[in-house]
Amino acid sequence: MKLKSLLLRYYPPGIMLEYEKSGELKTKSIDLLNLSSSTDVNALVEEIQKAEPLITASRSDQVKLLIQRLQDKLRQHSNHKFYLFKVLRAHILPLTNVALNKSGSCFITGSYDRTCKVWDTASGEELHTLEGHRNVVYAIAFNNPYGDKIATGSFDKTCKLWSAETGKCYHTFRGHTAEIVCLSFNPQSTLVATGSMDTTAKLWDIQNGEEVFTLTGHSAEIISLSFNTLGNRIITGSFDHTVAVWEADTGRKVYTLIGHCAEISSALFNWDCSLILTGSMDKTCMLWDATNGKCVATLTGHDDEILDSCFDYTGKLIATASADGTARVFSAATRKCITKLEGHEGEISKISFNPQGNHLLTGSADKTARIWDAQTGQCLQILEGHTDEIFSCAFNYKGNIIITGLWHAVMEERRGQGKTWQVLLSSLVLQVYSSTNL
């Protein structure tokens, strides 16, 4: 093996190694999830050299420099305010989902109008309209971190793969017998997984457009699906109250996580693939050991259904959002509640950490999105100006852009031929917030 180059990864902290093996270029990562501004760099480099043969003595100074740059990034606290940068009125019919590419330079929207649109974030310009589905486009995703492909899953039972650059359709994946409601690319961008109301998930080869495996075993609809960081396992959450973990290279079920007593709302791995977090309509989240499928903790405290949950990038913190109008932050190590986020006047449907892990973003039915301090629970900023319930909100990779999505509907009176009637006029509103000039 021959090391070709070293690359920085800011979120979560790490160093990417590009190396050559048997004439083939490969990559691997050195995760530095416990790195802090006070970490002894010399001692850390010694540890890395002992564990990683590719990091020889001749590379030690370069590795030290990269780690110091990561420490400098950790010292930069993202306490800036966000301002409303742009308001976009997109699809005529209701929007289903919004997704950003890694940099936040463009984003995509899925809609009941059977299309997916690609947008330039800075200009607000519509770059492409991806047409071809025969029913609602419900699930959408970029193949981040690459961002050159888009997958769309539809109620027409198909998934399509598109070029993000040209809008060309590469493949149409057919095989599901009911609506596709969730999908995900693997980290290597070689597979796309789809979850369906037909109780199955399918893995598809991006290169040739062929079905690779069908994952069967759930007894009800699959509504949540994601790969782990390594891309070797996939997790599916179902209305049958269970979560299943599968091998991505064989399609074999590894184990089923049984413990919730209501529908699953979210299921995901932490960064180092050691833990699985599941959220449920039973008002709880459960934490599972990803190596053996055993439950290690039940996170309680909410008075209503869990609508969303997530890890921060390092996997040290867990956030939960509930229909009770509150959110909570838990320590993944102690399983204890660190703080409670109170202030919303309606259910919280979305929650996410910024890449730095010190702030949380929530979107609510009370027509506001809020930014919170993840340690203290203090509300730092209310993103107001929304005219209706927020169903989607997200940070970009750098944490300096936020996009919120809402569905705005108004009744307008029309008159003609001696009659008066009410017409429902509606539009999708996307609001883009930035902390810097785009």
Side-chain angles (χ1 to χ4, degrees), residues 9-14 29 31-36 74 78 99-100 102 141 144-145 182 184-187 224-237 243 245 257 259-260 264-280 284-291 293-302 306-322 327-341 348-363 371-375 377 393-397 399:
R9 187 191 66 213
Y10 286 119
Y11 309 119
S29 66
D31 293 334
L32 304 173
L33 304 184
N34 295 315
L35 183 70
S36 71
L74 289 172
S78 56
L100 285 152
K102 180 180 173 181
N144 290 335
C182 53
S184 178
F185 285 94
N186 68 339
S224 177
L225 172 153
S226 62
F227 285 91
N228 68 354
T229 312
L230 298 174
N232 63 346
R233 290 197 172 177
I234 187 169
I235 190 168
T236 55
V243 171
V245 180
L257 310 181
H260 285 294
I264 303 298
S265 57
S266 60
L268 64 159
F269 289 91
N270 67 344
W271 181 269
D272 68 8
C273 310
S274 62
L275 293 172
I276 293 168
L277 175 66
T278 59
S280 170
T284 72
C285 278
M286 299 183 81
L287 205 56
W288 311 78
D289 186 320
T291 58
K294 302 296 184 185
C295 179
V296 296
T298 300
L299 310 180
T300 60
H302 284 292
I306 303 290
L307 301 180
D308 197 18
S309 61
C310 63
F311 287 103
D312 71 344
Y313 261 130
T314 63
K316 295 176 182 176
L317 297 177
I318 295 165
T320 60
S322 171
R328 289 173 182 259
V329 181
F330 295 83
S331 164
T334 67
R335 286 65 152 154
K336 302 294 185 184
C337 181
I338 296 171
T339 189
K340 187 176 178 182
L341 314 183
I348 302 173
S349 58
K350 290 290 181 182
I351 190 164
S352 60
F353 284 93
N354 68 341
Q356 295 81 4
N358 62 331
H359 292 165
L360 278 160
L361 173 66
T362 54
I371 301 170
W372 311 79
D373 185 296
Q375 291 293 331
C393 59
F395 284 103
N396 69 334
Y397 175 74

Q: List in chain and number order the residues that pass side-chain hydrogen bond (donor to acceptor under 3.5 Å, both in side chains) with Ser265, two or more places apart in sequence or in another chain; answer none if no residue qualifies.
A: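 Partners of Ser265 under the side-chain hydrogen bond (donor to acceptor under 3.5 Å, both in side chains) test: none.
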
Q: Roughly how far, to the nearest 0.5 Å, is OG1 of Thr298 from CZ of Arg335?
A: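 Between atom CZ of Arg335 and atom OG1 of Thr298 there are 11.0 Å.
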
Q: Which atom names give the shortest non-hydrogen contact between Gly315 and Ala332, and what distance separates them?
A: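 Taking every non-hydrogen atom into account, O-CB, 3.3 Å.
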
Q: State which residue, out of Thr320, Leu317, Leu287, fulfils the side chain to side chain contact (heavy atoms under 4.5 Å, CB included) condition with Phe330.
A: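 Exactly one option meets the side chain to side chain contact (heavy atoms under 4.5 Å, CB included) with Phe330, and it is Thr320.
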
Q: State, to 0.1 Å, how close Gly357 and Ala374 come at their nearest heavy-atom pair, and which atoms those are.
A: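 Closest approach of Gly357 to Ala374: O-CB, 3.8 Å.
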
Q: List in chain and number order the residues that pass salt bridge (Lys or Arg N to Asp or Glu O under 4.0 Å) with Arg9, two or more places apart in sequence or in another chain; answer none if no residue qualifies.
A: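 Salt bridge (Lys or Arg N to Asp or Glu O under 4.0 Å) check on Arg9 returns Asp31.
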
Q: What is the distance from atom OG of Ser184 to atom CG of Leu225, rounded to the nearest 0.5 Å?
A: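 If I round to the nearest 0.5 Å, the distance is 6.0 Å.
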
Q: Do Asn354 and Gln356 pair up side chain to side chain, a donor and an acceptor below 3.5 Å, judged on atom types alone?
A: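 Gln356 and Asn354 do have a side-chain donor-acceptor pair below 3.5 Å.
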
Q: Looking at residues at least two apart in the chain, or sitting in another chain, which of them share a ring pair (Phe, Tyr, Trp, His ring centres under 6.0 Å) with Phe311?
A: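 Residues passing ring pair (Phe, Tyr, Trp, His ring centres under 6.0 Å) with Phe311: none at all.
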
Q: Under 3.5 Å, side chain of Asp312 to main-chain N/O of Phe353, donor-acceptor pair present?
A: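 Checking the backbone N and O of Phe353 against the side chain of Asp312, no donor-acceptor pair under 3.5 Å is found.
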
Q: For the atom pair CG (Asp373) and NE2 (His359), what is the distance rounded to the nearest 0.5 Å?
A: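 NE2 of His359 is found 5.5 Å from CG of Asp373.
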
Q: Go through the structure and list residues passing side-chain contact (heavy atoms from CB on, under 4.5 Å) with Ser36, not counting sequence neighbours.
A: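 Listed in chain order: Ser38, Thr39.
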
Q: Show the nearest heavy-atom pair for residues Ser224 and Ala267, with the distance to one decimal.
A: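 Closest pair (atom of Ser224, atom of Ala267, distance): OG-N, 3.3 Å.
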
Q: When you compare the side chain of Ile351 with that of Cys310, does any pair of heavy atoms fall below 4.5 Å?
A: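 In contact.
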
Q: Which residues satisfy the side-chain contact (heavy atoms from CB on, under 4.5 Å) test with Ser226, sequence neighbours excluded?
A: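 For Ser226, the residues satisfying side-chain contact (heavy atoms from CB on, under 4.5 Å) (neighbours in sequence not counted) are Ile235, Leu268.
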
Q: For Asn232, check side-chain hydrogen bond (donor to acceptor under 3.5 Å, both in side chains) against everything at least two apart and list the hits.
A: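 Checked Asn232 against side-chain hydrogen bond (donor to acceptor under 3.5 Å, both in side chains); matches are Asn228.
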
Q: Could you tell me which residues satisfy ring pair (Phe, Tyr, Trp, His ring centres under 6.0 Å) with Tyr397, sequence neighbours excluded, listed by chain and number?
A: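 Counting only residues at least two positions away or on another chain, Tyr397 forms a ring pair (Phe, Tyr, Trp, His ring centres under 6.0 Å) with Tyr11.
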
Q: Within the side chain of Asp308, is there an N or O that forms a donor-acceptor pair under 3.5 Å with the backbone of Ala319?
A: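 Pair absent, no side-chain N/O of Asp308 close to backbone of Ala319.
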
Q: Could you list the residues that satisfy side-chain hydrogen bond (donor to acceptor under 3.5 Å, both in side chains) with Ser266, not counting sequence neighbours?
A: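 side-chain hydrogen bond (donor to acceptor under 3.5 Å, both in side chains) list for Ser266, sorted by chain: Ser309.
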
Q: So, using salt bridge (Lys or Arg N to Asp or Glu O under 4.0 Å) as the criterion, who are the partners of Lys294 when residues are at least two apart?
A: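 By the salt bridge (Lys or Arg N to Asp or Glu O under 4.0 Å) rule, Lys294 matches no residue at all.
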
Q: Using modelled atom types and a 3.5 Å cut-off, is there a donor and acceptor pairing between side-chain atoms of Thr229 and backbone atoms of Trp271?
A: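 Yes; judged by distance alone, with no hydrogens or angles, the pair exists.
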
Q: Closest approach of Lys350 and Cys393, non-hydrogen atoms and distance?
A: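 Between these two residues, the closest heavy atoms are CB-SG, 3.8 Å.
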
Q: Does Ser274 have any side-chain contact (heavy atoms from CB on, under 4.5 Å) partners at least two apart in sequence or in another chain, and if so, which?
A: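 By the side-chain contact (heavy atoms from CB on, under 4.5 Å) rule, Ser274 matches Asn270, Asp272.
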
Q: Can you confirm whether Tyr10 sits close enough to Pro355 that some side-chain heavy atom of one is under 4.5 Å from a side-chain heavy atom of the other?
A: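 Contact flag for Tyr10/Pro355 side chains = no.
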
Q: Any chance you could measure Ile338, atom CD1, to Gln375, atom CD, to the nearest 0.5 Å?
A: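 So the CD1 of Ile338 and the CD of Gln375 are separated by 5.0 Å.
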
Q: Looking only at heavy atoms, which two atoms of Thr278 and His260 are closest? And how far apart?
A: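 The pair with the smallest heavy-atom distance is OG1-NE2, 2.7 Å.
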
Q: By side-chain hydrogen bond (donor to acceptor under 3.5 Å, both in side chains), which residues pair with Asn186, not counting sequence neighbours?
A: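 Checked Asn186 against side-chain hydrogen bond (donor to acceptor under 3.5 Å, both in side chains); matches are Gln188, Thr190.
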
Q: Can you list the residues that meet the ring pair (Phe, Tyr, Trp, His ring centres under 6.0 Å) rule with Trp288, with sequence neighbours excluded?
A: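 Listed in chain order: nothing, the list is empty.
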
Q: Write down the atom of Gly377, the atom of Trp372, and the distance for their closest heavy-atom approach.
A: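 Nearest pair, atom of Gly377 first, then Trp372: O-CE3, 3.4 Å.
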
Q: Rounded at 0.5 Å granularity, tell me how far CZ in Arg328 sits from CG in Leu360.
A: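 Arg328 atom CZ to Leu360 atom CG measures 14.0 Å (nearest 0.5 Å).
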
Q: If I take atom CZ from residue Arg233 and atom CD1 from residue Ile276, how far apart are they, to the nearest 0.5 angstrom?
A: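 Result: 8.0 Å between the selected atoms.
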
